[in-house]
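Computed from a predicted model, the values in this text were never measured in an experiment.
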Amino acid sequence: VGKGVQELSRQALLTLPLSGFLTNGLSRENTILPPKASAAAGQSGMMSLYDDMFSQKGVAISQILLTEHDLRNIEIRKHLQETLEILLKLNVVPIINENDVLTKKVPLREEEGAIFWDNDSLASFVASEIKADLLILLSDVEGIY
C-alpha cells in the first residue's frame with residue numbers, strides 16, 4: 001500500500017492543476033488517497049523491485065495474491081497447494097501477499113473464525129498448509145524475530 005501511496009501521490013501532484021494547489025492549499029500531505037487504489041497502484045512497482053533484487057542472484061519469482069475468502073474455499077486451497085508445489089519444483093520463489101485491493105481489513109477475532117489478518121499470519125498459514133520446512137518472514141512487526 002505504501003508504494004501505491006507514493007505512486008498515486010506523484011500522479012496527483014502531476015495532474016492536479018497548479019491553481020488548485022495555490023487556491024485550495026492542496027499538498028501532498030492533505031491529498032487523500034484511498035488505500036485500495038494505493039495498493040493496486042503500488043503492486044507492479046513492488047514486484048518490479050522484488051524482481052530486480054532476486055534476479056541479481058539469478059532467482060526467478062512469482063506473485064500470489066490471496067484473500068481470506070480464498071483460503072476458506074477447499075478447492076482454491078487445493079489449487080494453491082498444487083501451484084506452490086510446481087513453482088518450488090521449478091525453483092521459482094513464490095511471493096505471497098494478502099490481496100489488499102479485494103480484502104476487507106478487519107482485526108483478528110477468534111470468535112469470528114478469521115484465518116489471517118496480515119501478511120505475516122498469512123505466511124504462517126500457508127507454510128502450515130504446505131508443510132513447509134522453513135518460513136522466512138521479512139517483517140517490521142514487533143515481536144517477530
Side-chain angles (χ1 to χ4, degrees), residues 1-16 20-21 24-145:
V1 174
K3 179 79 170 143
V5 168
Q6 290 174 341
E7 181 60 25
L8 288 180
S9 294
R10 185 180 69 78
Q11 289 297 324
L13 290 173
L14 292 174
T15 59
L16 290 174
F21 284 98
N24 298 326
L26 294 176
S27 69
R28 182 182 184 104
E29 291 76 31
N30 64 11
T31 301
I32 298 171
L33 301 170
K36 292 189 181 306
S38 297
Q43 200 61 42
S44 61
M46 184 187 74
M47 285 308 296
S48 177
L49 177 64
Y50 282 143
D51 190 47
D52 288 346
M53 291 188 307
F54 278 88
S55 66
Q56 290 177 15
K57 299 294 182 182
V59 177
I61 64 168
S62 63
Q63 179 182 39
I64 299 173
L65 297 174
L66 296 170
T67 66
E68 184 171 342
H69 175 74
D70 296 330
L71 298 179
R72 290 187 182 281
N73 183 308
I74 299 297
E75 198 65 25
I76 291 175
R77 283 167 60 173
K78 179 181 164 198
H79 291 301
L80 172 63
Q81 188 162 8
E82 291 168 355
T83 301
L84 288 170
E85 287 173 7
I86 292 167
L87 289 170
L88 294 172
K89 284 179 184 172
L90 294 171
N91 293 317
V92 175
V93 174
I95 296 178
I96 303 170
N97 283 306
E98 179 180 19
N99 189 334
D100 293 325
V101 174
L102 300 179
T103 194
K104 295 182 212 172
K105 291 284 188 185
V106 294
L108 177 65
R109 290 191 180 94
E110 194 169 321
E111 67 272 8
E112 294 176 5
I115 294 176
F116 69 89
W117 74 103
D118 64 14
N119 285 323
D120 296 328
S121 56
L122 170 61
S124 298
F125 179 86
V126 171
S128 175
E129 279 288 301
I130 65 169
K131 299 172 181 47
D133 294 328
L134 176 67
L135 169 63
I136 299 172
L137 294 174
L138 305 177
S139 180
D140 61 356
V141 174
E142 290 186 36
I144 297 180
Y145 302 100

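For the side chain to side chain contact (heavy atoms under 4.5 Å, CB included) with Gln81, the qualifying choice from Lys78, Glu85, Arg77 is Glu85, the only one to do so.
Counting heavy atoms from C-beta on, the side chains of Val93 and Tyr50 never come closer than 4.5 Å. Side-chain contact between Val101 and Gln43: absent, with no pair of heavy atoms (C-beta onward) separated by less than 4.5 Å.
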Item to complete: Mind running side chain to side chain contact (heavy atoms under 4.5 Å, CB included) on Ile64 and Leu87 for me, showing each step along the way?
Response: CA-CA 11 Å; Ile64 299 173; Leu87 289 170; 4.1 Å; yes
Item to complete: Output, in order, the C-alpha distance, side-chain angles, deciding distance and verdict of side chain to side chain contact (heavy atoms under 4.5 Å, CB included) for Leu80 and Asp70.
Response: CA-CA 9 Å; Leu80 172 63; Asp70 296 330; over 6 Å; no
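Every residue two or more places apart in sequence or in another chain was checked for a side chain to side chain donor-acceptor pair (under 3.5 Å) with Asn99, and none qualifies. The side chain to side chain contact (heavy atoms under 4.5 Å, CB included) check on Leu88 picks up Pro94, with sequence neighbours excluded. In this structure, the side chain to side chain contact (heavy atoms under 4.5 Å, CB included) partners of Leu134, at least two apart in sequence or on a different chain, are Ile136.
Using a distance-only test at 3.5 Å, with no hydrogens or angles considered, no donor-acceptor pair links the side chain of Asp52 to the main chain of Leu49.
Rounding to the nearest 0.5 Å places NE2 of His69 at 10.5 Å from CG of Leu102. Note that CD of Gln56 and CG of Asp51 are 10.5 Å apart. Values are rounded to the nearest 0.5 Å. Here the straight-line distance linking atom CG of Leu122 with atom CG of Leu71 works out to 6.5 Å at 0.5 Å rounding. Atom CD1 in Ile95 sits 7.0 Å away from atom CE in Met46 (nearest 0.5 Å). Between the CE atom in Met53 and the OG atom in Ser48 there is a gap of 10.0 Å [rounded to 0.5 Å]. Between the CG atom of Leu84 and the CD atom of Glu129 there is a distance of 10.5 Å, given to the nearest 0.5 Å.
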